[in-house]
Amino acid sequence: MRLTRYLVPTLKEDPKEAEIVSHNYLVRGGFIRKVAAGIYDFLPLGLRVVKKIENIVREEMDRAGALEILMPAVIPAELWQESGRWDLYGKELLRFKDRHDRDFCLGPTHEEVVTDIVRREVRSYKQLPINLYQIQTKFRDEPRPRFGLMRGREFIMKDAYSFDADWDGLDRSYQAMYEAYTRIFKRCGLEFRVVEADTGNIGGTDSHEFMVLAETGEDRIVSCPGCGYAANVERADFKTDYPLSDMEMMPLEKVHTPSQRTIEEVSKFLKTSPKKMIKTLIYSTDKGEVMVLVRGDYDVNEVKVRNIIGANWIELADEETIEKITGAPVGFAGPVGLKFDKILIDKSIVNIRNGITGANEEDYHYVNVNPGRDFPIIEEKVVNIRMPVEGDRCPKCGTPLEFYRGIEVGHIFKLGTKYSESMNATFLDKDGKEKLFIMGCYGIGVTRVASAAIEQNHDEKGIIWPISIAPFEVILLPTNWDKEEVRSVAEKIYGELLQKSVEVVIDDRGERAGFKFKDADLIGYPFKIVVGEKGLEKGIVEIKSRKGDIAVEVKIDNAVEKIIDLIDKERKKYLPE
RNA sequence: CGGGGCGUAGCGCAGCAUGGUAGCGCACCUGCCUUGGGAGCAGGGAGUCGGAGGUUCAAGUCCUCUCGCCCCGACCA
């Protein structure tokens with residue numbers, strides 16, 4: 001490709017909306033442009049990267065025996081009503097009506113559609129297992145899209161769905177996807193970790209997330225250096241000791257705490273530590289209100305709360321609800337003397353001695369609160385329901401856990417019969433009986449992979465693409481296009497590389513050398529071949545890698561052979577054995 | 001949805017307090033010059049100042065409403 005005939009609108013200045021490096025470089029490098037919040041154009045370079053990632057995904061999915069299909073983006077409401085998600089899925093589901101006033105949505109995920117295909121077309125156990133996948137534009141009306149391709153509203157996703165005759169089959173299908181994903185992300189040059197995850201709205205039993213380690217990741221994960229246990233913090237289990245204080249229990253006392261509402265305010269006002277405070281939170285859920293007690297210095301894990309009570313959604317209760325339950329405004333809730341039995345007690349509360357909590361009365365707190373004495377500790381309501389923190393230990397081997405931030409690029413679920421049941425999707429088994437398909441589903445954020453790759457592979461000058469997903473493998477950089485000998489050598493090498501099917505760009509613009517170097521570094525071509533007057537006098541051209549590990553001079557006639565050799569070696573680094 | 005901020009040329013911004021000829025840098029076009037890390041000089045094109053209404057002799061600037069975008073939080077397979 002000739003740059004004079006290509007569209008690569010690079011920018012010298014940082015786009016003001018870009019907060020993270022991948023977003024910044026994707027815009028500056030001319031890969032993407034924003035059309036609306038969370039919605040982007042892919043310009044030629046950006047699309048090439050996407051296609052590279054798609055092809056890796058496709059090769060590995062095909063290798064794993066999955067079959068590529070393409071489902072519609074526009075989905076009739078009936079299918080979503082059938083599964084029940086039309087009512088459960090919130091505002092992320094973009095709904096609209098057609099000219100006949102029929103309800104439709106833009107598909108954020110395709111369990112319903114694929115289940116509908118399989119229940120119509122697959123009748124016998126002999127056709128199982130089967131795994132159908134697609135690479136398609138998804139739409140999720142995120143409340144707050146951000147970070148460019150990282151959290152868009154419209155994005156490209158690979159979604160796959162497996163159907164098995166039994167649970168052992170599902171385990172095998174799941175394992176095959178686990179392995180395929182591992183290969184895919186290795187080939188994309190990502191450093192990642194597989195963690196146990198919550199199943200969220202999708203539902204189901206087991207689930208793993210593939211997390212790219214990066215400071216800018218929106219997810220937090222824990223991992224154990226001792227035994228390899230790793231999980232999303234939302235899901236993570238952990239061990240902690242809450243030693244019982246030998247302090248004498250003091251008499252319960254109500255104290256005046258005017259306008260002291262937050263943990264921080266109250267602990268400061270009473271000159272004590274948040275560790276002495278019993279934080280009392282009221283949540284509203286689709287299963288009613290629930291009260292959660294946790295030590296003042298910890299955060300509640302809302303995902304666990306939701307799972308324990310079996311709710312579909314959960315949110316902090318509004319002021320009105322809190323006042324109704326506690327009889328006091330927000331900031332003065334507490335378990336003492338409260339007649340409300342839907343309660344969850346974090347383990348961190350149990351051994352508190354002479355603690356502090358709200359008195360369910362405006363401007364008053366109790367001090368010297370002792371759990372068990374001043375309010376009941378009912379064994380089955382005591383749970384581990386807080387977020388882990390630094391110092392908590394591995395649930396399996398007891399080693400202190402390590403904390404990381406991660407970008408979720410892939411997520412695999414064992415769905416079981418959640419959708420086959422609600423949508424009545426059955427097949428005829430060996431024994432002649434009708435049975436529900438056992439399902440799994442498996443997603444990869446294709447466009448997010450591009451972002452994640454940049455977060456992990458860049459420097460102050462620009463992107464350093466892994467060659468497997470680079471838009472081009474090499475750029476020919478003639479330092480002075482007006483000089484006949486420079487141009488003819490560059491053209492000759494260019495022609496030969498095209499012949500050999502090398503993905504090459506030639507910078508045939510009349511720009512100065514420095515300008516071309518800056519552009520090449522920003523865009524991140526893995527290799528560049530510099531053709532300059534100085535080199536030609538010696539009969540050589542230079543080959544440099546973007547990573548900086550290779551910088552060699554080669555005779556003009558050997559340039560093609562040498563670059564092909566280097567590219568081959570580089571490609572091999574990303575292929576799993 | 002709550003809090004904060006911003007909409008002026010393709011991009012990044014100034015101008016608004018105190019109303020009176022719409023500006024700067026980059027990018028773009030022409031010419032000269034230059035050519036190994038985002039050169040220089042000269043000339044040039046490009047803007048319904050997000051939109052609607054209002055106040056005024058006069059609105060980018062003041063008032064009201066509205067739309068969009070960004071950040072923090074809530075939220076989020």
Practice problem: Look at A/D297 together with A/K279 and state whether they make a salt bridge at an N to O cut-off of under 4.0 Å. | Solution: no

Quiz item: Given atom NZ of A/K34 and atom P of B/G68, what is their separation to the nearest angstrom?
Solution: 13 Å

Self-check item: Check: A/E421 main-chain N/O paired with A/T417 side-chain donor or acceptor under 3.5 Å
Solution: no

Practice problem: Step by step, work out the side chain to side chain contact (heavy atoms under 4.5 Å, CB included) result for A/D141 and A/L93. | Solution: CA-CA 6 Å; A/D141 202 356; A/L93 185 64; over 6 Å; no

Quiz item: Is a donor-acceptor pair below 3.5 Å formed from side chain A/E13 to base B/G25, judging by atom type as modelled?
Solution: yes

Practice problem: On RNA chain B, check which nucleotide each of A/R509 and A/P143 is closest to and give me the residue with the more 5' one. | Solution: A/R509

Quiz item: Just how far, in rounded Å, is P of B/C76 from CG of A/N301?
Solution: 12 Å

Self-check item: Nucleotide opposite B/C24 in a Watson-Crick or G-U pair, distances under 3.5 Å
Solution: B/G12

Quiz item: Partner of B/G19 by Watson-Crick or G-U wobble geometry, both contacts under 3.5 Å, or none?
Solution: none

Quiz item: What is the distance from CZ of A/F147 to C1' of B/C71, rounded to the nearest Å?
Solution: 9 Å

Exercise. Mind calculating the distance between CD (A/E511) and P (B/G36) to the nearest angstrom?
Key: 13 Å

Quiz item: From the list B/G36, B/C75, B/C76, which nucleotide is the closest neighbour of the side chain of A/E142?
Solution: B/C76

Quiz item: Is the shortest distance from a Lys or Arg side-chain nitrogen in A/R487 or A/D508 to a carboxylate oxygen in the other one below 4.0 Å?
Solution: no

Self-check item: Parallel, tilted or perpendicular, as decided by the 30° and 60° cut-offs, for the rings of A/Y181 and A/Y442
Solution: perpendicular

Quiz item: When you measure from the centre of the six-membered ring of A/W481, is the NZ or CZ of A/R512 under 6.0 Å away and within 45° of the axis?
Solution: no

Self-check item: Euclidean distance for C1', B/G51 against B/A59 (whole angstrom)
Solution: 15 Å

Exercise. Could you please name the partner base of B/U30, counting Watson-Crick and G-U wobble pairs only when both distances are under 3.5 Å?
Key: B/A42

Quiz item: Can you tell which of B/C76, B/G37, B/C75 lies closest to the side chain of A/R151?
Solution: B/C76

Quiz item: For the pair made of CZ in A/R448 and P in B/C76, what is the distance, rounded to whole Å?
Solution: 15 Å

Quiz item: When the nearest nucleotide of RNA chain B is assigned to A/I314 and to A/K91 on a heavy-atom basis, which residue is associated with the more 5' position?
Solution: A/K91

Quiz item: Does any donor-acceptor pair link the side chain of A/R28 with the base of B/G38 at a separation under 3.5 Å?
Solution: yes

Quiz item: Taking the inter-plane angle between the rings of A/F192 and A/F210 on a 0 to 90° scale, is it parallel (under 30°), tilted (30 to 60°) or perpendicular (over 60°)?
Solution: tilted

Quiz item: When the distance from CD of A/E315 to P of B/C76 is rounded to whole Å, what number comes out?
Solution: 8 Å

Self-check item: Euclidean distance, atom CG of residue A/N480 to atom C1' of B/A39 [Å, nearest integer]
Solution: 14 Å

Exercise. Provide the distance between the two C1' atoms, one in B/G25 and one in B/G40, to the nearest whole Å.
Key: 16 Å

Quiz item: What nucleotide among B/G37, B/U35, B/C26 has an atom nearest to a side-chain atom of A/K12?
Solution: B/C26

Quiz item: Would one find a side-chain N or O of A/K16 under 4.0 angstrom from OP1 or OP2 of B/C13?
Solution: yes

Self-check item: Any strand: nucleotide that pairs with B/G53 via Watson-Crick or wobble, under 3.5 Å
Solution: B/C63

Self-check item: Selection from B/C75, B/G36, B/C71 that lies nearest to any side-chain heavy atom of A/E19
Solution: B/C71

Quiz item: In residues 512-528 of chain A, which residues come under 4.0 Å of RNA chain B by heavy atom?
Solution: A/R512, A/A513, A/G514, A/F515, A/F517, A/K518, A/D519, A/D521, A/L522

Self-check item: Whole-Å distance separating the CD1 atom of A/I20 from the C1' atom of B/C70
Solution: 14 Å

